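Any value given below was found using the heavy atoms of this structure, including those in side chains, with hydrogens, waters and symmetry copies removed. Computed from a predicted model, the values in this text were never measured in an experiment.
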Amino acid sequence: MLSKSNRVLSAADFKAAVRRGRRAYAPHAVVYTLPRGASEATRFGFIVGKNVGGAVQRNLVRRRLRSIGRELLATNATGRDVVVRALPGVEQLPWDTLHSEISEVVNGSVARR
């Protein structure tokens, strides 16, 4: 579980990250990154809509994304909000594929638009 200080909680913060953040694409996710103050903690938020699947599949995807976020906290710079929007088909991915896709995008090795 991500600690409360490392989670995007309010709808306004989600909206700000999606509207003003930099967008990067992975095959099964869109990652929005919004810089914050350098002394602030990095926060992760996850959007998993009904187009991903039923409640069981959505919760599985959300748990996997939270676990990836927890691992990326150690390697990430501080002071940004990272919101991951899961796309359809993500529920069928093996763990290592999902982990590598999200890690590459968050760490910046994928071109941003």
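- In plain terms, the two heavy atoms of V106 and R80 that are nearest each other are O-NH2, 3.1 Å.
- A side-chain donor-acceptor contact under 3.5 Å links Q57 to the backbone of G54.
- Of the possible polar contacts, one joining the E91 side chain to the G89 backbone as a donor-acceptor pair under 3.5 Å is found.
- Note that CZ of R43 is 11.5 Å distant from OG of S3, once rounded to the nearest 0.5 Å.
- Without hydrogens or angle criteria, R62 side chain to F46 main chain gives no donor-acceptor distance under 3.5 Å.
- The two residues V83 and A17 make their nearest non-hydrogen contact at CG2-CB, 3.5 Å.
- Judged purely by atom type and a 3.5 angstrom limit, S100 uses its side chain to pair as donor or acceptor with the backbone of D96.
- Considering CG of L87 and NE2 of H28, their distance stands at 8.0 Å, rounded to 0.5 Å.
- When atom types are taken as modelled, the side chain of N6 and the backbone of T42 share a donor-acceptor pair closer than 3.5 angstrom.
- Annotation: side chain of I47 is in contact with side chain of V18 (closest heavy-atom distance under 4.5 Å).
- Minimum heavy-atom separation, A41 to S5: CB-O, 3.9 Å.
- Linking Ile, Leu, Val, Met, Phe, Trp and Tyr whenever their side-chain heavy atoms come within less than 4.5 Å puts V84 and I68 in one cluster.
- A continuous path of hydrophobic side-chain contacts links L65 to F44 [ILVMFWY only; heavy atoms under 4.5 Å].
- Residues F14 and V8 come closest through the heavy atom pair CE1-O, 3.3 Å.
- Counting only heavy atoms from C-beta outward, the side chains of V31 and E101 never approach each other to under 4.5 Å.
- Residues V105 and A24 approach most closely at CG1-CB, 3.4 Å, considering heavy atoms.
- At a threshold of 4.5 Å between non-hydrogen side-chain atoms, the residues L2 and L73 count as touching.
- Residue S67 holds its OG atom at 12.0 Å from CD1 of I102, rounded to the nearest 0.5 Å.
- Listed here is the closest heavy atom pair of A86 and V48: CB-CG2, 4.2 Å.
- You'll find the side chain of R64 reaches within 4.5 Å of the side chain of W95, heavy atoms only.
- Rounding to the nearest 0.5 Å places CG of D13 at 6.0 Å from CG of D81.
- Between the side chain of R58 and the backbone N or O of K50 there is no donor-acceptor pair closer than 3.5 Å.
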